[in-house]
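When a ligand or atom number is given, it counts from 1 through the structure's own listing order. Side chains included, hydrogens not; waters and symmetry mates left out as well; all remaining heavy atoms used.
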Amino acid sequence: MKKITLIIPCYNEEEMIHLLYKELCAVAKKLEIRENVQYETELLFIDDGSKDRTLKFIKELAMDDDRVEYISFSRNFGKEAAMYAGFCNATGDYVAVLDADMQDPPSLLPEMVNILEGGDYDSVAARRVHKEGRHVIHSCFAKMFYKIINKSLPEDIMEGARDFRLMKREIVQVIIEMKESNRFSKGIFEWIGFRNCWYEYESVERAAGTTKWNFRSLFRYSLDGIFNFSSAPLNLIFGMGIIFVINSIVLIAAIIIINLTGSVSLYEFGLLIGIIILFNGLQLLCLGIIGHYISKIYQESKHRPHYVARETSDENMKKIF
Ligand code: UDP
Ligand code: MG
C-alpha cells in the first residue's frame with residue numbers, strides 16, 4: 001500500500017474543519033479501495049496561528065484518528081510558510097496541498113491520482129476556470145500579473161492556477177531544497193520543471209467561513225510574487241532610464257536653440273519646473289523599486305526559519321525550519 005499526504009493550511013477555519021474532515025474521509029475511503037494500487041492517507045493539518053478553535057478541533061480529530069497529524073505555528077506565518085512546513089514533514093509517496101475551505105475540491109483527488117498513476121506525469125495541478133465572468137478590474141489585474149511573472153519563468157503559470165496540486169515525492173524533495181524565505185509557490189512549481197498535467201475544474205465558492213483576501217492583500221500578494229520571482233521591474237526602469245536620457249538630450253538641445261533665437265518666457269520656465277518634478281518623482285519611484293529588492297535581499301540574508309511551531313502531533317516533526 002502506498003501513502004498519500006494531504007497538506008491542509010488552516011488559518012481561522014473553525015467552521016470548516018469538521019466539514020472538510022468528513023469530505024476527506026470519503027476521499028480517503030475511495031483511495032483505499034482503488035483497484036491496482038491502494039493508498040493510505042495522512043491528513044497533515046497546519047494550523048497557521050489561528051485565533052479561533054481551529055487547533056482545538058484538529059487536536060480532537062487527531063485523538064480519534066491516527067491518520068490525522070498536525071503542526072501548530074507559534075503565530076500566523078502565512079500560507080506559504082504553512083505549505084513549506086507541510087512539505088518538510090510529509091511522509092507520503094504522493095503529496096498534495098489543498099485549502100481548508102474546499103475551494104480545492106478534495107473529490108478531485110482520486111482522478112488526480114489516476115493521472116499520476118498513468119505514468120506520463122510527475123504532478124497534477126488544478127486550474128480553476130470561472131463559471132461566470134469575474135469582475136473586469138480583477139481579471140485585468142490577473143492577466144497583467146501573469147504576463148509579467150511569466151517573463152521570468154521557463155514555463156508559463158496558467159491563469160487560474162491554484163496551489164492545489166498532487167506531486168510525487170521527488171518533486172517535494174526539490175521544493176524543500178528551495179529555501180528562499182520570500183516564497184511564491186506558483187513560481188517555484190514552474191521553476192523546478194518536471195512533467196505537469198493541468199487539471200481543469202469549475203470554480204466553487206467557499207463552503208463556510210470567510211476568505212482572508214481582499215483586493216488590497218491580493219494586490220500586495222501579486223506585487224510580492226513579482227518581486228520574489230522576477231527582475232522585470234528592474235529591466236523596466238533600466239529601459240525607462242535610457243529613454244529619459246535620450247529625451248533630455250533632445251530637450252536640452254531644443255532649449256539651447258530656442259534661447260539663441262529669442263528669450264525664454266515664464267511659460268517655458270514653468271514647464272521646465274514641471275518636467276524636473278516629474279523626473280524627480282520617477283527617480284524616487286525607481287529608487288523605491290530598487291529598495292524593494294534590497295529589502296528582499298536583506299530578509300534573505302538573515303536566514304531566518306520559515307516557521308516556528310508551538311506544538312506538533314508527532315515529536316519527530318520539525319518544529320523550526
Ligand atoms: N491560510 C493560511 N494562512 C493565512 C491565510 C490563509 O494558512 O495566513 C489558508 C486558509 O486557511 C485556507 C487557504 O490558506 O485554507 C486559502 O485561504 P483563503 O481561502 O482565505 O484564500 P482564497 O481561497 O480566497 O484565495
Ligand atoms: Mg479559499
May I ask you to say whether [X] pairs ionically with [Y], meaning some side-chain N is under 4.0 Å from a carboxylate O?
| X | Y | result |
| --- | --- | --- |
| Asp104 | Arg165 | no |
| Asp47 | Arg310 | no |
| Asp93 | Lys3 | no |

Check ligand 1 against [X] and write out every atom of the ligand that is under 4.0 Å from a heavy-atom position of the residue.
| X | result |
| --- | --- |
| Glu13 | 10 (C), 11 (O), 12 (C), 15 (O) |
| Arg206 | 18 (P), 19 (O), 20 (O) |
| Asp99 | 13 (C), 15 (O), 16 (C), 23 (O) |
| Pro9 | 7 (O), 9 (C), 10 (C), 11 (O), 12 (C), 15 (O) |
| Gly78 | 3 (N), 8 (O) |
| Asp101 | 19 (O), 23 (O) |

Below a 4.0 angstrom heavy-atom separation, can you tell me which part of [X], side chain or backbone, both or neither, approaches ligand 1?
| X | answer |
| --- | --- |
| Asp48 | side chain |
| Ile8 | neither |
| Gln103 | side chain |
| Lys212 | both |

side-chain contact (heavy atoms from CB on, under 4.5 Å) assessment of Phe45 paired with Thr54: CA-CA 10 Å; Phe45 288 89; Thr54 302; over 6 Å; no

The Mg ion (ligand 2): angle it makes with OE1 (Gln103) and OD2 (Asp101), nearest 10 degrees: 100°

Heavy-atom side-chain proximity of Phe184 to Tyr221 below 4.5 angstrom: yes

Sidechain-backbone polar pair: Lys319 side chain, Met317 backbone, donor-acceptor under 3.5 Å: no

Nearest-neighbour protein heavy atom for atom 14 (O) of ligand 1, which is reported as residue plus atom name and distance: Lys79 CD, 3.3 Å

Heavy atom of the protein closest to atom 8 (O) of ligand 1 (residue, atom name, distance): Asn76 ND2, 3.1 Å

Within 6.0 Å of CG in Asp66, more than 12 heavy atoms from elsewhere: no

For the pair [X] and [Y], name the ring-plane relationship: parallel under 30°, tilted 30 to 60°, perpendicular over 60°.
| X | Y | result |
| --- | --- | --- |
| Phe57 | His18 | tilted |
| Tyr201 | Phe164 | perpendicular |
| Phe215 | Phe219 | parallel |

Residue-ligand contact Met16/ligand 1, heavy atom below 4.0 Å: no

Ligand 1 to Thr211 polar contact by distance, N or O atoms, under 3.5 Å: yes

Any N or O of Ala100 closer than 3.5 Å to N or O of ligand 1: yes

Result of checking Glu14, Glu60, Glu13 against Arg53 for side chain to side chain donor-acceptor pair (under 3.5 Å): Glu14

Best match, Trp213, Tyr221, Tyr11: closest heavy atom to atom 17 (O) of ligand 1: Trp213

